[in-house]
Amino acid sequence: MSSPVRQALTIARRDFLSIVATPTFLIFLLAPLFMLSFGLIGGLGAQGLESRSGNDTVVAVVSREDGALLAEASVRIHNGNEDQSGLYDLTVVEAGPRPEGQARDIAAKSEDNVYSVLYGPVETPVILEKNAAGLSGRYLASIADLAAQAKRDGAFPDLVRPEYKPLGSAASRKDTRKAIGFGAVFVIFMLTLLTAGQTVSTLAEEKGNKVIEILAAAAPLEAVFVGKLVAMLGVAILFIGFWLLIGFGGSLFAVMHFADQAATAAASAPMSATDFNLADFAPAIGFPAFIGFAVLYFLMSFLLLGSLFLGIGALASTMREIQMLSLPITIFQVAMFGLAGAAANSPGETVATIAQIVPFSSPLAMAARGATDPAVWPHFAALAWQGLWVALVIWLSVRLFRFGVLKSGGRGGVGALWRRMRRGEAG
Amino acid sequence: MASTVIEASGLVKYFGDFRAVDHVDIAVPQGMVYGILGPNGAGKTTTIRMLLGIIDPDEGSRSLLGSRHPRSMSDRVGYLPEERGLYPGMKAVEVIAFMGALRGLDWSAGRARGAEMMAKVGLSHVADAKIRKMSKGMAQMVQLIGSIVHRPELIVLDEPFSGLDPVNQGRLEALIGEERDRGATIVFSTHVMSHAERLCDRLAIIAGAQRRFEGTVDEARGMLPLEVSYRPADDVGRAELGDLLPADAVRKGDRLSFPIADEDVSLWLSRLVASGHGVASLSIERPGLHDAFVRIVGTAAGDDNPTGEAP
């Protein structure tokens, strides 16, 4: 008796070796390098643009006396804070007869990024803001307050110098976990996007060179489909393994060569090692389970989308048709990512439940759930649910292939096809 | 009586509204070389694909090696499809090993046996060549070897001689003979009668989607009367031969030719001797399978003998 498992593995082995042993695979393997290069070039370009765009500035259009007070207040605030984030450079312009028009002109024509402009006396200032209730407006209000006090009292009040300490990440644990969940969704989506779409053309070779008849005669079509899926999964794992190895090697290199600098930076960091608690960043089900489930969900995501694309691609007659299918396939994947992303941002809500139930977004959404929900059993249920759908999609793909390509159908079009499929005559 | 390797009853297959196979029955005894003959488009390939379980019949039943699930028997079957196809980027011996592995043979054993079989048919020099570098005939021989490398009990070859030069056709005939001697049952389809006549123990003729004949080559030929081909010793005209010739006698070159019933042969020979015209050349032969095929298929086209059973 023939063994479908053995036959599937035979097909997987041939396919895997034939894919890996080609120069084209090298291009596929290095594709992320091209992506990173383009990203780097884009990033450098953006950085260049930012460096040429000038500083973030606030402007005061006031009398000479008020201007001096405002400048002094701004300097005092800058000097009183080691961390200059949230502070703005102040430019003082002496007010003319129409300070409001002058203020608006400055905001419109300045080379710098002028976020807010203050005009009028410091006791009753008017602030024009680019963003309503923005930080720059609040900053101008603060220095105007100091300046007004100095004008009234004849001296600036002593500034309070608070000691800043980290609050601890536990307070923002919910947001952190949501971010981890979304990160998992993104990583699984990207890996699936890079690898599962390849399955759409995997049967094209057999259909083109008529080998499909040999395969169909020797093995059940289910074994053929599973074999091809396993081969592509092997290619995906090789691809991921290669980049993990590169990442690990790169990290090792960085640790060995930049350990001293890292230690120095850590010592001067505002948060000391004792403040850092890994548990504050841990997903709700813990790191080991989260990583384990994430791997399983990637496999499920690959198998689900891969089997769907394999089935769709198997029905295509030409490479042109396969190319035409690429766009809707990518759109479908992005839609599933969107749904799962929404689920990651709204744990426990209806959209999350929907995303976890819809089979093709379920692996992504469930990975996100692992970050925010400590319950483990839903993951086993989800894996079983997704596995069921993998089998269902393969079963359906095989039947469509049998009817559509091998012409193993009867008369009467779609209605008859459906009736025959329900009777199980195709198998 | 030998057991039956393939048994099919009332096979029907539609493609849309077109009936490609219409109630075909086939029974292939074990250890025989069985031919499925028919003109192009007769339904031979569709029948074979149904027998092997590649497609399912719309009506009827079939069993292969005793199983009603033909694909479950695939390890015991070798199949060369009509539409030849191999992976062009693979080496010949690897393709053979892969095809063997699909049907349960270990990869390394498949490689070794494949190399051995390629040497036997004079292709050892291309064992490590990629398929795309080989001629069509060579690739076809590689595919044939891949189909039988696992030493199946049943070998099904769909138009195996198509595309082969005479030398390779001879090699293929020899290979089929060897496989029969090994004990394998061989089923092949063809529309070239000479191969069927030389190789087949039994055959079925399919025409117009229906089976028109089933039996041995001799039984097929037996459907036609004997053919007399006669050249008198002296140069005499047809009129001078008189009653010696039946009305349907025709001249073919310097010979006169006409059909004769088996039971009339003795009487006619007596009359020939008595006529005194002498014999320069005389043959009384059963027409070949080709003529029988043309007669059966032609009759099928006229549809005046739908059963076509052997007498």
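Per chain, numbering begins at 1; letters A, B, ... match sequence-line order.
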Point to revise | Single hit among B:L203, B:I48, B:L157 for side-chain contact (heavy atoms from CB on, under 4.5 Å) with B:S189 | key: B:I48
Review point. Contact part of B:E82 toward chain A, heavy-atom cut-off under 4.5 Å: side chain, backbone, both or neither?
Key: neither
Check your understanding: Mind checking whether A:W389 and A:W385 have parallel, tilted or perpendicular rings, split at 30° and 60°?
Key -> perpendicular
Point to revise | Closest-packed option against chain A by number of heavy-atom pairs under 4.5 Å, given B:Q143, B:M90, B:M99, B:R103 | key: B:R103
Review point. Which bit of B:M50 is near chain A, if near means a heavy-atom gap under 4.5 Å: side chain, backbone, both or neither?
Key: neither
Practice item. With a 4.5 angstrom heavy-atom cut-off, could you sort out which part of B:Y79 is near chain A: side chain, backbone, both or neither? Key: side chain
Check your understanding: Hey, is B:D56 close enough to B:R62 for a salt bridge, meaning N to O under 4.0 Å?
Key -> yes
Exercise for review: Return the minimal non-hydrogen interatomic distance between B:R71 and A:P220, and the atom names on each side.
Suggested key: NE-CA, 3.8 Å
Exercise for review: Check side-chain hydrogen bond (donor to acceptor under 3.5 Å, both in side chains) between B:R84 and all other residues, then give those that pass, not counting sequence neighbours.
Suggested key: none
**Study point:** Contact origin within A:L9 toward chain B - heavy atom pairs under 4.5 Å
**Key:** neither
